[in-house]
Amino acid sequence: LLLLGLIVPARAQQPDTTTVTSSVEELSAEIAALKAKTSTWDKVLAALPEIFLAGLQALSPQDMAGLRVMVTLGPTREAWDGVRFWSNPSSGLMGSALAVCAWLRGAEVTAICGPGVSAFLPRGVQRHDVTNAHGMYEAARGLWPDMDMGMFTAAVADFSPAPLGERKFKKSEAPDGFSLDFRPNPDILHNLAAVRRPGQKVLGFAAETAPDMDALLPLARAKLARKKADLLAANRVNAVGSGFGTPTNSVAVADARGREEIWPSQSKADVAWELCTWLLRI
Ligand code: C5P
């Protein structure tokens, strides 16, 4: 939130005095309304992020107003017995940064969150919680026809283990170890990009292990084509300060018109802001 607080005023068009006055008025009104509603100062403190965001929203360009944006974020968990699962360490931070940026810029945002996503989402963002890849696909498929943009940041498990049963699998059942069969999961981005109507825009991500940023760009280009996305951001998951769970990201970006860029490591909020701007222009 603090990062966004620094970024948004810098990115907003020079606020004129009317914008500043009205944002201050909106903030004062929010605080007054909260004071009236809550009996303790603790409750006001708990609401500070929302008050802060209301101020940021008032300062942001409303260039995504009227757009309906769906964001998938976080990991998925694929159960292989009654209590254990196959997953990855995605935090959902990149997706929450995109959801917050789109919301600040006036979009109506729906977030489909994998399990364990604790990244901040404003109350104005509609949140759907899902557990596994099939659940995420069903939720996204149902919402997609009504959306203008899809931002697919979730680290969806590409495969699910065929479950060994509903109960906890016992160590004594496999004294020499055991194997699991994995079945492919639906590729949400690929399937929804394939059925998009004209005007619907698709942003995809790629988590890649690459030796350097130059090697990342061809991977972004290849995934853009394979997934039929409009814009694809590949990030290095094997570099310090980039990838799963970090507040910053190093990305190589490619779009379907052939424009390509490599961005230096920057905050995920900054990456999200730039990606929203790029998506609006294609
Ligand atoms: O093929 P890969 O997993 O590298 O592709 C990454 C991109 O595809 C991300 O945008 C991710 O959210 C999306 N994806 C998906 N469904 C899957 C696998 C990936 O939407 N089953």
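This is a predicted model, so every value here is computed, not measured. Just so you know, these numbers use all the heavy atoms, side chains as well, and skip hydrogens, waters and symmetry mates. Counting starts at 1 for both ligands and their atoms, in listed order.
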- Message: Are Phe182 and Trp86, when compared by the centres of their aromatic rings, separated by less than 6.0 Å?
- Response: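 Between Trp86 and Phe182, which both carry aromatic rings, the centre distance is below 6.0 Å.
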- Between Trp80 and Phe178, is the gap from one ring center to the other below 6.0 Å?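 Centroid separation for Trp80 and Phe178: below 6.0 Å.
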- Can you list, by chain and residue number, every protein residue with a non-hydrogen atom closer than 4.0 Å to ligand 1?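 The 4.0 Å shell around ligand 1 contains Phe152, Thr153, Ala154, Val156, Asp158, Pro186, Asp187, Ile188, Leu189, Gly204, Phe205, Lys223, Lys227.
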- Message: Would you say CG of Asp181 has more than 12 non-hydrogen atoms from neighbouring residues, nucleotides or ligands within 6.0 angstrom?
- Response: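 12 or below, so no.
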- Over 12 foreign heavy atoms within 6.0 Å of CD, Glu173: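 More than 12 within 6.0 Å, yes.
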- Task: For Arg77, enumerate each residue passing the salt bridge (Lys or Arg N to Asp or Glu O under 4.0 Å) test, keeping only those at least two apart in sequence or located in another chain.
- Result: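 Expected list: none.
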- Message: Has Glu274 got a side-chain atom pairing as donor or acceptor with Val271's backbone, closer than 3.5 angstrom?
- Response: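 No, the answer is negative, given that no donor and acceptor are paired below the 3.5 Å cut-off.
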